[in-house]
Structures are given as structure tokens and as C-alpha cells.
Amino acid sequence: MNLAGRRIEIHGVVQGVGFRPWVYRLARQNGISGRVSNGSEGVTIEAYGGEEELDSFLQGLQANPPPAARIRELRWEPIVSEPAPAEFEIVESRAGGERRVSIPADLATCNDCLEEMFDPGDRRFRYAFTNCTNCGPRFTIARDVPYDRPATTMAPFRMCAACQSEYDSPLDRRFHAQPNACPECGPRLRALTGAGEELFGTDPMSHAVRILRRGGIVAVKGIGGFHLACDATSEKAVARLRFRKMREEKPFAVMVRDLEAAEAIAVLGDAERRLLSSVERPIVLAPRRDDSGLAEGIAPRNPLVGVFLPYSPIHHLLLRDGGIPLVMTSGNRSDEPIAYRNSDALERLHGIADLFLTHDREIESPSDDSVARVIAGRPVILRRSRGWVPRGIPAPRRFEHPVLACGGHLKNTFCIGVGDTLYLGPHIGDLEGVETVRSFEEAIRRAEQFLQVCPEIVAHDLHPEYASTLYALERPEAVRIGVQHHHAHVASAMAEHRLEGPVLGVAYDGTGFGTDGTSWGGELLLCESDGFERLATFRPIPLAGGDAAMREVWRIAMALLDDAFNGHPPLDVFPVFAALPRKRVDLVREITRRRIQSPLARGIGRYFDALGSLFLSRPVSRYEGQVALEWNMAVDPGESGAYQFAISAEEGLPTVDLRPLVRDATADFRAGDSPGRIAARFHRTLAHATNSLVRTAAERLGPLPVVLTGGCFQNALLAELVVADLGRDFSVYLHGDVPPGDGGLALGQALVAAAVARRSEGDA
Ligand code: ZN
Ligand code: ZN
Ligand code: FE
């Protein structure tokens with residue numbers, strides 16, 4: 001027989017997802033001999049056989065890969081037929097070469113593993129670390145590349161004979177499942193008291209369930225870190241958790257045992273159900289049912305609930321044994337990063353947790369839960385972390401130099417662009433405290449190691465005082481490039497839809513440093529990847545006391561009113577001011593007027609803050625964006641009217657003036673109109689204003705694609721209204737895989753910086 005040979009290179013998410021055993025089985029089915037190996041760039045196959053067999057093997061490779069695998073590229077070339085081996089074999093990973101890709105994201109427990117866990121006859125009955133090639137921890141346990149057991153935190157566990165034979169057998173579901181383990185040889189669950197003393201005598205899970213049922217708080221070590229758990233139906237338990245964690249009103253996510261239980265607390269459509277049961281298992285935001293039975297304290301005055309399903313065996317056991325929905329919130333004190341090391345958790349969660357449900361499989365890289373929501377019928381990732389990180393996003397073009405983008409200030413993530421891929425890092429959080437900044441630096445160091453990359457370009461925000469900017473300045477070995485905040489937002493959306501530019505970018509958010517040194521956030525930009533032109537903006541509002549106004553939103557409300565009524569604001573119409581000391585209101589009014597410590601802000605988020613404060617009588621935001629969110633949620637869906645607005649030209653720049661809206665809404669409110677109807681009209685007005693700006697720009701520039709980006713487009717209603725207004729005449733793009741808020745910013749920074757560098761090299 002005449003044998004031919006082919007070398008097949010496959011790139012994408014192909015390691016740690018049962019890819020090689022699948023290739024092995026496919027090769028045997030097709031009578032192919034040769035070998036498959038994991039390289040640091042993907043998987044390499046050397047295949048020998050007849051031409052027909054090889055063709056059918058290649059077809060099979062592309063037809064239906066394992067569920068968690070993602071083939072991004074498959075290339076092959078003929079190779080000389082060596083004295084062909086009689087068999088097909090899987091060879092050990094080799095280190096070296098260019099290290100790329102290789103580490104997969106963490107995968108939710110699969111159904112096969114679940115069945116074993118709840119089968120009393122199975123050797124893994126109730127085993128809290130059950131996993132296989134289709135599921136289990138990956139990124140969070142990886143210490144190095146290539147992704148192999150010795151390079152994970154499973155290295156210290158020596159497999160027993162039974163596990164080893166599963167691991168070695170190509171036909172077994174656990175063939176080369178790196179975290180493979182069983183009760184004989186693997187990690188063990190432990191229950192510790194709040195003081196750190198181990199509890200013996202009974203199953204650690206039953207200690208945890210007992211505490212939870214009594215309204216206590218349990219710190220649970222999961223995949224990406226510790227959660228704090230409590231009974232989500234108990235008002236007392238939730239209040240206790242809030243008090244101890246020092247978290248006033250920011251919503252808590254709720255984990256339920258299965259899809260059916262999720263339906264009982266939230267209104268779900270098909271898209272939500274798919275998201276909930278995806279291997280990534282994000283927290284999904286959906287309307288809470290009136291009869292959900294959840295404690296009101298979960299998310300005060302918020303009609304949405306963040307719900308998610310168990311994604312590790314520990315969660316499955318806890319939810320089944322406990323029989324109640326559980327609050328599952330990051331294990332930290334207020335705004336610190338999530339605790340993930342045993343000793344650190346015991347120290348930092350001391351005084352919060354009544355019990356620690358922990359174990360001896362270490363977490364190498366922390367990763368918070370991801371958050372997603374369905375907007376305009378499609379899933380949008382609002383926080384991209386566990387389940388997605390470190391999966392790459394294809395770049396619109398190849399990076400000639402590796403780029404590190406440091407992201408923004410709030411909800412920070414960073415991004416590395418190398419080869420033809422963008423790697424968005426895990427959610428870090430607000431870079432306010434020393435601890436968070438340290439975790440930011442550590443995560444960057446780790447990502448650079450995993451990707452074996454030394455960034456030659458470091459991109460950062462234009463704000464001179466952001467911790468992320470200061471960090472970039474400490475990397476003098478690289479070329480540093482500052483990227484305007486809203487330009488980066490638009491570029492992040494362009495990347496995801498592979499738009500080359502020019503595009504019209506509608507960037508609405510809370511704040512971002514403008515090229516003129518003021519705060520922007522209601523911008524229409526004409527964008528290419530290497531530059532932008534500002535086409536329009538919104539009339540600014542002075543923020544009395546700067547950052548103080550972010551919390552005390554009544555200050556913004558007052559400034560807006562003062563502006564709309566030419567210095568004669570009808571404060572008596574609004575109960576929110578009556579509740580405040582008169583002297584304080586007068587003082588703040590005075591400093592606003594005289595512009596003492598009152599920087600101007602154009603963020604659309606500030607309009608939401610101001611109107612929410614006025615019409616919902618909310619003086620203070622207890623977490624970032626609370627009142628703005630409440631103003632969004634207040635909308636009465638039955639109302640379809642809108643208000644007047646004006647567009648003036650300040651310094652030659654078209655500027656949306658919402659003072660007519662403020663005056664009309666005040667009159668409506670005085671006449672007894674409901675806040676819900678005013679909120680609905682406000683949303684429609686914003687959509688109309690956006691529509692008008694875009695159409696005016698398009699008259700001059702032609703019908704360019706329109707992208708909607710920035711934190712305000714987490715607001716499903718606003719996004720849907722703008723799409724409805726513009727969608728008939730324009731191609732309108734929303735976010736999907738990349739968060740619209742600052743969690744996606746770094747990705748745009750990386751692209752802009754690479755484009756700017758390319759242009760300046762071209763010039764030189
Ligand atoms: Zn499994
Ligand atoms: Zn074992
Ligand atoms: Fe932003």
C-alpha cells in the first residue's frame with residue numbers, strides 16, 4: 001500500500017478540552033497511523049494513510065470537535081512518508097518553542113461527571129473534585145505552559161492506580177484530564193470554624209449546610225476564589241452578610257440548583273436559559289419574579305436578579321444538600337480583591353464567615369464570576385472573567401509588536417495583544433486600594449509568563465493619575481502610548497465586529513479623560529483605529545466637590561436644575577432637597593455657581609444620576625451607579641412619549657442641550673406625573689438625540705456603520721431604543737463578547753496603540 005503523510009497544525013482552544021483523545025479515536029476510526037502532540041501553540045498531528053483515509057480524517061477533524069474546543073485555524077502540509085508507524089499514538093507535551101494559547105478556560109461540571117457524583121455505586125460518589133476532559137478547573141489551576149498536570153496545582157497529588165489508568169487510556173473520558181482525581185488520591189474538602197479550627201466527625205458539607213440553614217455565613221472555596229454564601233431567602237442572613245462585609249446595597253448574586261429553580265426566581269427567555277447552562281456559567285441578569293421568595297435585601301429596589309447555576313462539584317453538593325437558593329458573593333471585604341489562598345482567606349474573611357468550607361487544591365490565578373445579560377435579543381458579557389479568561393479573541397490584524405494595554409480605573413481588566421490574538425485578562429476591580437493594584441500587577445506578570453511575551457508597546461488611559469497609567473509609566477522598556485478613553489471604547493466594539501473604520505462611535509458612559517483635560521462621556525466620535533475626530537457631545541454639568549458628587553448625587557441634581565432654570569431652581573418641587581439640611585444645599589449651590597472644585601462632566605451617566613436623584617428622591621448612591629441604575633429600572637413600559645431637546649453649537653461642536661427636558665419633566669412632576677413615565681420619556685429623548693446626532697453626521701460623512709459602546713449601553717432599554725431608531729437606515733453594532741463598559745476598555749486600547757505605532761513606523 002502507498003502511504004501518504006500530512007502534518008496538521010490546529011490552533012485555538014484545543015488543549016485541556018479532550019482534544020487529543022478525540023483525535024486519537026478519529027484516527028483509529030479512519031485507519032490512520034502517526035501521532036498527535038500538544039505544542040505550546042496548539043496541537044500538531046502527523047498522520048499517515050491512504051489519500052482517501054486522510055481526506056476523511058481531515059473532514060472529521062473539522063466536523064464536530066469536543067464541546068469545549070474552539071478551532072480557530074487548521075493548516076496542513078504534505079510530509080514525506082516516513083516508515084510509517086503501525087499505530088496512532090499520543091505523545092507527551094514538549095516545552096519550548098513559541099508559547100501561545102494552550103491554557104483553556106475553566107469549564108462547568110459536565111453531566112457525565114454529575115451522574116457519577118450522585119450514583120451511590122460509583123467510586124466518585126459525592127466526590128467534590130470530580131472532573132474529566134470535558135469539564136473542571138483549567139486556567140485557575142495552571143502554573144505554567146504547556147498545560148499539563150506537573151504545571152498545575154494538581155502536581156502534588158499522586159494519582160492512584162485507578163485514576164492513573166483512566167488518565168493513560170485514550171478511550172477513557174479522563175484520558176489526560178490534568179486535574180483527574182478521586183477520593184483515594186485527590187484533594188479533600190475540609191470544614192473550619194470561623195477561627196480556623198478544623199471540624200471533624202462528619203462530612204464537611206453537612207457542617208456547611210447546618211450553618212447555612214441557621215442563617216449563618218459560610219466562606220466556600222470554589223474555582224476562582226472564595227465565595228461568601230448565605231440563605232438567599234432569609235432577610236436576616238442577608239442583612240448579616242451586608243453588615244459584616246460592609247456592603248450597603250450593591251446587589252448580591254444568587255446561585256440555584258438547576259434551571260428549574262432559576263425559573264422560579266427569574267423570568268427567563270431562551271437566550272437567558274442558554275447563557276445560564278453554558279459551560280462558562282456566568283451570572284445572568286434577569287427580571288426577578290414577584291413570588292421569587294428571595295429576601296428583599298438581595299438587591300434593594302432592583303427589579304433584576306443576578307442568578308447562576310452551580311459550576312463545580314462543591315456547588316452542586318451544597319445546593320442539593322442545602323435545598324435553598326444561596327447568595328454567592330465574592331469573598332472579600334467591600335472593595336478588596338477576591339480572596340483565593342487558604343491562609344489569606346482565613347485572615348481576610350475572619351469575622352465575616354462563621355465557617356470555612358475549604359480544600360487543599362490551590363488556586364493559582366483568581367478569577368471572579370462573569371456577568372452577562374441579554375440585550376436586544378443577544379447575549380452581552382458585562383463582566384468577562386471566569387469561564388472566558390484566557391480564551392483569545394481574534395485580532396482584526398496581526399500585531400507586529402506585542403502590546404500590553406493597562407485598561408481604565410474602575411472595573412479594570414488588562415489586555416495583551418500578540419500574534420493574531422487579543423487576550424483580555426480577568427476582572428481585577430476598581431484600582432483604588434493597594435491590594436487591588438497588587439493583584440493587577442500580579443495578574444499581568446502571570447499573563448506575560450503564560451504567553452511568554454515581553455510587551456514592546458504599553459497602552460494606557462490619558463488620565464494622568466489612574467493607577468493603571470502610573471503602572472504603564474513604570475514600564476520604560478516599552479513604547480508607551482496614551483489612548484483616549486472613548487476612542488478605546490469604540491475600538492473595542494470595532495474589533496469584535498471586525499470593522500476597519502471609519503465608524504461613527506456613540507460612546508456613553510460615566511466618565512473618561514478627554515483630550516482637553518475635561519471629563520467626557522456623552523460623545524459621538526468618528527473613529528479609525530489610529531485616530532478619531534470628535535463630532536458631537538452633551539452639555540456639561542458641574543460636579544460640586546468632584547468625586548463627592550458621585551456618591552451624593554443630589555449635588556448633580558441641583559447643578560442640573562440650577563442650569564435648566566437659569567439660577568432659579570424650583571427646589572421646593574423635589575422632596576430630595578427637603579430631606580437635606582438647608583444650609584448644606586445653599587453652600588453646595590454657592591460653590592457650584594462659583595465653580596469652586598466643580599469640574600465639568602459630560603458623562604451620560606451623570607444625567608441618569610441627576611434625574612434619578614430628582615424624581616426618585618434619592619440623595620445618595622450607595623454603590624457606583626446605583627441611582628443611575630434605579631432611574632433605568634424605574635421606566636414605565638406603558639409610556640411612549642418623549643421630551644424636547646435642543647442642539648446648540650458650542651465652540652463649533654454640536655452639543656445636545658437637555659435643559660428643555662429638565663424643565664418639562666419638572667412641570668410634569670409638579671403636576672403629579674409618575675417617575676416611571678418621566679423615566680420612560682427620558683430614555684426616548686436620549687435615543688432621539690442620539691438619532692439626530694448620527695443622522696446629521698451621516699449627511700456629511702455618508703452612511704457609516706454605527707457602534708454603541710460605553711457603560712450606558714449595559715442599559716438594555718437605551719440600547720434597544722437607539723437600535724430601533726437607527727437600525728432601519730444604518731448598520732448598528734452592539735457589544736457581545738467584549739464588555740461595553742470599562743471591563744472591555746483595554747482591548748480597544750491595545751488595538752489603537754498598535755495602529756498608532758504602525759502609522760508612526762510607516763511615517764518614519
Ligand atoms: Zn466531566
Ligand atoms: Zn484516584
Ligand atoms: Fe468608560
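When a residue number appears, it is its place in the shown sequence, counting from 1. Both backbone and side-chain heavy atoms feed into the values below; hydrogens, waters and symmetry mates do not. For clarity, every value in this text was computed on a predicted model and none was experimentally measured. Whatever order the structure lists ligands and atoms in, that order sets their numbers, starting from 1.
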Looking at [X], which of its N, O or S atoms is the nearest one to the Fe ion (ligand 3)?
X    : value
D509 : OD2
H485 : NE2
D742 : OD1

### Query
By side chain to side chain contact (heavy atoms under 4.5 Å, CB included), which residues pair with I363, not counting sequence neighbours?
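For I363 the side chain to side chain contact (heavy atoms under 4.5 Å, CB included) partners, ignoring immediate neighbours, are T140, K221, Y340.
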### Query
With distance as the sole test, does R534 use its side chain to make a donor-acceptor pair with the main-chain N or O of L653 at under 3.5 Å?
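Side chain of R534 to backbone of L653, a donor-acceptor pair under 3.5 Å: no, none is there.
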### Query
Quick one: which of T152, D148, T133 gives a side chain to side chain donor-acceptor pair (under 3.5 Å) with Q178?
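Output: one option passes, namely D148.
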### Summary
Here the vertex angle at the Zn ion (ligand 2) for SG of C182 and SG of C185, given to 10°, is 120°
### Message
Counting the benzene-type ring for Trp, do F125 and F118 have ring centres under 6.0 Å apart?
### Response
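Not under 6.0 Å, so no.
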### Query
Is it true that F139 and Y147 have ring centroids separated by less than 6.0 Å?
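Aromatic pair excluded; centres sit 6.0 Å or further apart.
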### Task
Look at the aromatic rings of H683 and F608 and report parallel, tilted or perpendicular, splitting at 30° and 60°.
perpendicular
### Query
Just one of E166, E184, E116 clears the salt bridge (Lys or Arg N to Asp or Glu O under 4.0 Å) bar with R123, so which one?
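One option only clears the test, and that one is E166.
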### Query
Using a distance-only test with no angle check, is there a side-chain donor-acceptor pair under 3.5 angstrom linking T515 and Q484?
no
### Task
Could you please tell me which protein N, O or S atoms lie under 2.8 Å from the Zn ion (ligand 1)?
C110 SG, C113 SG, C132 SG, C135 SG
### Query
Any N/O/S atom, backbone or side chain, of H486 lying under 2.8 Å from the Fe ion (ligand 3)?
no
